[in-house]
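First comes the structure, then the notes that go with it.
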Amino acid sequence: EQLTNLSGRGVGMDVVKRSIEALRGVITLNSQPGQGTLTQMRLPLTLAIIDGFHVSSRNTHFIIPQNTVLECMDLASLHQVKGRACINLRGEQVPYIRLSDLFALRDSERHGDERAKLVVVQFGQERSGIVVDELHGEIQTVVKPLSPIFQALKGIGGSSLLGTGDIAFILDIPQLIELAIARESRRIGKSAVTAIVIPPI
C-alpha cells in the first residue's frame with residue numbers, strides 16, 4: 001500500500017524471476033486493471049525428482065517416497081492378529097495393506113506369506129504396513145503426472161520410468177495409510193458384531 005525504501009519497488013519479484021530462470025524455467029505475468037494478475041510459472045520436469053524406495057508386487061513395480069519409510073522386515077517373522085490385517089509391532093497394533101489385493105494384481109506364480117515383505121510407512125502420526133513381494137532398494141526417480149483417466153485411482157500419486165524401461169507407480173502414502181486404517185476399523189466392527197451370541201428362545 002505504501003512505497004518505502006524496501007517495499008513496493010519490485011525487487012522481490014526480480015529475485016523470483018532470476019531464481020526461476022536459474023532453474024531454466026519461465027515466469028509470465030498477465031495483468032488486467034481492476035481484475036487482478038495471473039502469474040504462470042513453467043519449470044522443467046526434471047525438477048520433480050524424489051528419493052524413493054523401489055518395491056514390486058506380482059511383477060508390478062512401485063516407488064514408495066523414501067521420507068515415509070520407517071523399516072522393512074519379513075512378514076512371516078511378525079505376529080499377525082488372526083482374522084485381521086494387523087501385526088503386533090513391538091507392542092503396537094499396525095494395520096497393513098497388500099498391494100496385490102488393493103490393485104487386483106495377478107501373476108502365474110504362487111506367492112505365499114513366507115516370502116512376503118512388509119514395509120512400515122508413516123505420515124504424520126499415523127503408520128501402517130505395505131505388503132510386497134520384493135524389495136529392490138533406494139532409487140532416485142523422476143515423477144510424471146498420471147493421465148486424467150487414472151486420477152481417480154486411490155493410492156497412486158504418479159508414475160516413473162525405470163532404467164530397465166519398466167513403468168513404476170509412485171504410491172500415495174497418506175491415502176494408503178488412511179485406507180489401511182479404514183479397512184481395519186471395518187474388520188474390528190464386523191468382528192464385534194459376529195461375536196455377539198444370541199441365546200435360543
Side-chain angles (χ1 to χ4, degrees), residues 23 43-81 84-105 107 111 113-188:
L23 296 171
L43 296 171
L45 182 63
T46 51
L47 290 178
I49 297 177
I50 64 166
D51 292 320
F53 192 73
H54 180 197
V55 301
S56 61
S57 180
R58 305 299 192 265
N59 293 325
T60 302
H61 299 272
F62 298 92
I63 304 293
I64 303 173
Q66 183 70 39
N67 61 352
T68 66
V69 176
L70 294 180
E71 54 186 316
C72 304
M73 58 199 74
D74 292 325
L75 182 62
S77 67
L78 300 169
H79 174 69
Q80 299 182 52
V81 181
R84 292 169 54 189
C86 189
I87 59 164
N88 187 323
L89 185 62
R90 293 184 289 277
E92 179 184 357
Q93 299 299 313
V94 177
Y96 64 78
I97 196 164
R98 295 175 185 270
L99 294 184
S100 58
D101 293 341
L102 178 63
F103 299 118
L105 303 176
D107 191 8
H111 296 263
D113 277 356
E114 65 275 2
R115 57 175 287 193
K117 311 294 183 187
L118 183 81
V119 182
V120 181
V121 294
Q122 180 170 338
F123 184 80
Q125 299 300 315
E126 304 290 349
R127 67 175 64 184
S128 73
I130 299 174
V131 178
V132 300
D133 295 331
E134 301 288 343
L135 305 175
H136 302 288
E138 297 179 9
I139 186 174
Q140 275 199 331
T141 185
V142 177
V143 180
K144 295 181 180 294
L146 289 176
S147 169
I149 195 172
F150 295 112
Q151 287 181 355
L153 186 62
K154 297 293 185 183
I156 300 293
S159 63
S160 183
L161 191 63
L162 301 176
T164 59
D166 294 315
I167 293 175
F169 297 100
I170 298 170
L171 296 176
D172 187 326
I173 297 304
Q175 279 191 353
L176 288 181
I177 291 177
E178 182 180 344
L179 188 57
I181 292 173
R183 284 187 172 188
E184 187 58 21
S185 297
R186 285 196 298 269
R187 283 192 184 94
I188 293 173

> Less than 4.5 Å apart, any side-chain heavy atom of S56 and any of V132?
Replying inline: no
> Can you tell me how far CG of D74 sits from CG of L135, rounded to the nearest 0.5 angstrom?
Replying inline: 8.5 Å
> Among all residues two or more places apart in sequence or in another chain, which pass the side-chain hydrogen bond (donor to acceptor under 3.5 Å, both in side chains) test with Q122?
Replying inline: R127
>> As an exercise, state the distance from CG of L105 to CZ of F62, rounded to the nearest 0.5 Å.
In response: 5.0 Å
> Between CD1 of I177 and CG of D172, what distance do you get to the nearest 0.5 Å?
Replying inline: 9.5 Å
>> For the CZ atom on F123, are there more than 12 heavy atoms of other groups (residues, nucleotides or ligands in this structure) within a distance under 6.0 Å?
In response: no
> Rounded to the nearest 0.5 Å, how far does CG of L99 lie from CD1 of I64?
Replying inline: 7.0 Å
>> So, taking the atom named CD in Q66 and the one named CD1 in I50, what distance separates them when rounded to the nearest 0.5 Å?
In response: 9.5 Å
> Which is it for D101 and V131 under the side chain to side chain contact (heavy atoms under 4.5 Å, CB included) test, yes or no, and what are the steps along the way?
Replying inline: CA-CA 10 Å; D101 293 341; V131 178; over 6 Å; no
> Looking at CZ of R84 and CZ of R183, how far apart are the two atoms once the value is rounded to the nearest 0.5 Å?
Replying inline: 15.0 Å
>> For the CZ atom on F169, are there more than 12 heavy atoms of other groups (residues, nucleotides or ligands in this structure) within a distance under 6.0 Å?
In response: no
Throw together a table of side-chain donor-acceptor distances under 3.5 angstrom for residues 159-168, partners on residues two or more places apart or in other chains.
residue : atom : partner : partner atom : Å
S160    : OG   : T141    : OG1          : 2.1
S160    : OG   : V142    : O            : 3.0
T164    : OG1  : D166    : N            : 3.4
T164    : OG1  : D166    : OD2          : 3.0

>> I need the minimum non-hydrogen distance between Q93 and C86, along with the two atoms involved.
In response: OE1-SG, 3.5 Å
>> Among I63, V69, N67, exactly one meets side-chain contact (heavy atoms from CB on, under 4.5 Å) together with F53. Which residue is that?
In response: V69
> For the residue pair P95 and E184, what are the closest heavy atoms and their distance?
Replying inline: CB-CB, 3.9 Å
> Given T68, which of I130, V120, L171, I173 fulfils the side-chain contact (heavy atoms from CB on, under 4.5 Å) condition?
Replying inline: I173
> Per the side-chain contact (heavy atoms from CB on, under 4.5 Å) rule, which among V143, I156, L146 passes with I170?
Replying inline: V143
>> Please find the pair of heavy atoms, one from S128 and one from A180, that lie closest to each other, and give the distance.
In response: CB-CB, 4.0 Å
>> With salt bridge (charged side-chain N to carboxylate O under 4.0 Å, His left out) as the test, pick out the partner of E134 among K117, R58, R115.
In response: R115
